[in-house]
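Have a look at the structure below before the remarks.
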Amino acid sequence: MSAETVTGTGPAVPRSYGEALRALGSKQKTAKGAPAYSRFVNRRAGRHLAAGAYVLGLTPNQVTGISALFTFAGIATVALAEPSPVTGVLVALALMIGYAFDSADGQLARLRGGGSKAGEWLDHMVDATKISSLHLAVLVSFYRFSGLPDAALLVPIGFTVVAAVMFFGMILNDLLRRAHYAASGTLPAAPARPSSLRSLLVIPTDYGLLCLAFALLGVDGAFPYVYGLLFAANLAFMLAAAVKWFRDIASLDATPVGED
């Protein structure tokens with residue numbers, strides 16, 4: 001028996017960073033549909049942060065708070081500071097660190113035996129706030145510092161709508177599926193094996209890639225161009241995904257849920 005592990009009638013309880021890191025390997029969410037940065041970089045970074053947080057005795061809600069501090073510090077910098085190469089790198093780092101801690105809170109909850117409804121609520125509220133406020137901060141930055149034509153301001157406005165709708169759609173899909181399976185007494189199909197090719201193809205929709213793009217914030221003309229391309233890709237994905245999501249949810253209506 002490892003000296004670093006407490007054992008009893010239940011499963012082993014990790015006591016060190018290494019033990020926690022190994023335990024997290026079997027407590028990962030499915031990678032199906034996850035874009036490349038989120039799947040191959042952010043979740044792995046979040047795993048290390050979750051193991052460290054576990055050893056330090058932090059709660060998932062505290063980790064969510066750390067994520068929010070880094071994320072909203074980066075967002076505030078976008079809106080308030082004049083773009084420069086240094087500013088861009090600092091913003092990108094703050095957003096990427098915040099995103100890694102966002103992955104860590106859920107992993108820590110699973111390592112501790114499961115999360116709480118309040119913790120899930122807090123996590124989703126922080127996510128909903130950041131995805132809208134980030135693009136509104138870009139709107140403020142473009143207006144104050146870029147000298148772009150007024151029409152360019154429509155891009156971050158549109159990106160705000162697209163990001164909010166996509167987030168709501170994913171949360172609503174999950175909620176409706178869980179409610180359906182609970183009411184029908186059926187089990188969801190086992191998730192398909194994640195595709196690395198698909199993860200690469202959908203990387204323009206990856207929040208992690210958007211975080212990286214802010215490193216170009218102070219490079220003349222580069223950031224608005226890259227940001228515009230990401231907006232166009234996300235808009236196209238949202239329109240295609242909305243059709244698929246509707247069909248998926250409609251298919252649940254064909255499954256009887258029984259009578260009271």
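These numbers come from the heavy atoms of this one structure, side chains and all, not from hydrogens, waters or symmetry mates. Given the structure is predicted, the values throughout are model-derived calculations rather than measurements.
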Check your understanding: According to a 4.5 Å side-chain heavy-atom criterion applied to Ile, Leu, Val, Met, Phe, Trp and Tyr, with indirect links allowed, do L122 and L69 form part of one hydrophobic cluster?
Key ->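 Different clusters.
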
Distance-minimising heavy-atom pair for [X] and [Y]:
| X | Y | result |
| --- | --- | --- |
| G158 | F231 | C-CE1, 3.4 Å |
| M166 | W245 | O-CH2, 4.0 Å |
| Y54 | P14 | CE2-O, 3.2 Å |
| L111 | A23 | CD1-CB, 3.7 Å |
| I131 | A163 | CD1-O, 3.4 Å |

Point to revise | Greater than 12 external heavy atoms within 6.0 Å of Y143's OH | key: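 Result for OH/Y143: open.
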
Review point. Counting heavy atoms not belonging to D174, are there more than 12 under 6.0 Å from its CG?
Key: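 Atom CG in D174 is packed in, count exceeds 12.
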
Point to revise | Six-ring centre of Y207, K130 cation under 6.0 angstrom, axis tolerance 45° | key: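 Because its charged atom sits under 6.0 Å from the ring centre and within 45° of the axis, K130 does stack over Y207.
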
Check your understanding: Would you say the side chains of S38 and D206 form a donor-acceptor pair under 3.5 Å?
Key ->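 Looking only at side-chain atoms, D206 and S38 do form a donor-acceptor pair, the distance falling under 3.5 Å.
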
Review point. Can you find a side-chain donor-acceptor pair between Q107 and S103 that sits under 3.5 Å?
Key: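 Their side chains do contain a donor-acceptor pair, which is all the 3.5 Å distance test asks for.
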
At what distance, to the nearest 0.5 angstrom, does [atom1] of [X] lie from [atom2] of [Y]?
| X | Y | atom1 | atom2 | result |
| --- | --- | --- | --- | --- |
| E82 | T87 | CD | OG1 | 8.5 Å |
| F101 | F70 | CZ | CZ | 6.0 Å |
| N173 | I249 | CG | CD1 | 4.5 Å |
| I97 | C211 | CD1 | SG | 10.5 Å |
| I203 | F40 | CD1 | CZ | 9.5 Å |
| R112 | T59 | CZ | OG1 | 6.0 Å |

Practice item. Apply side chain to side chain contact (heavy atoms under 4.5 Å, CB included) to the pair Y227 and L230, showing each step before the final yes or no. Key: CA-CA 5 Å; Y227 183 80; L230 290 176; 5.6 Å; no

Point to revise | Note: E120-R178 ion pair, threshold 4.0 Å (strictly below) | key: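 Salt bridge between E120 and R178, a charged N being under 4.0 Å from a carboxylate O: yes.
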
Check your understanding: Is the shortest heavy-atom distance from the side chain of L58 to the side chain of I66 under 4.5 Å?
Key ->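 The answer is yes, as the side chains (C-beta and beyond) meet within the 4.5 Å cut-off.
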
Check your understanding: So do D248 and R177 actually touch side chain to side chain, heavy atoms under 4.5 Å?
Key ->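 R177 vs D248: side chains touch.
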
Review point. Among F142, F214, F159, F167, which residue meets the ring-ring contact (aromatic ring centres under 6.0 Å, His included) test with H135?
Key: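 So the option named by the test is F159.
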
Backbone N/O of [Y] and side chain of [X]: donor-acceptor pair under 3.5 Å:
| X | Y | value |
| --- | --- | --- |
| D102 | G98 | no |
| N42 | Y37 | no |
| D123 | T64 | no |
| S141 | A137 | no |
| T205 | V202 | yes |

Practice item. Go through D127 and I171 one step at a time and tell me if the side chain to side chain contact (heavy atoms under 4.5 Å, CB included) criterion holds. Key: CA-CA 11 Å; D127 285 344; I171 295 299; over 6 Å; no

Exercise for review: Starting from the C-alpha separation in whole Å, work towards a yes-or-no answer on side chain to side chain contact (heavy atoms under 4.5 Å, CB included) for L134 and L210.
Suggested key: CA-CA 10 Å; L134 177 59; L210 178 63; 3.7 Å; yes

Check your understanding: Can T71 and Y99 be said to form a side chain to side chain contact (heavy atoms under 4.5 Å, CB included), step by step?
Key -> CA-CA 7 Å; T71 297; Y99 190 34; over 6 Å; no

Review point. Can you list the residues that meet the salt bridge (charged side-chain N to carboxylate O under 4.0 Å, His left out) rule with D150, with sequence neighbours excluded?
Key: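 Applying salt bridge (charged side-chain N to carboxylate O under 4.0 Å, His left out) to D150 gives none.
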
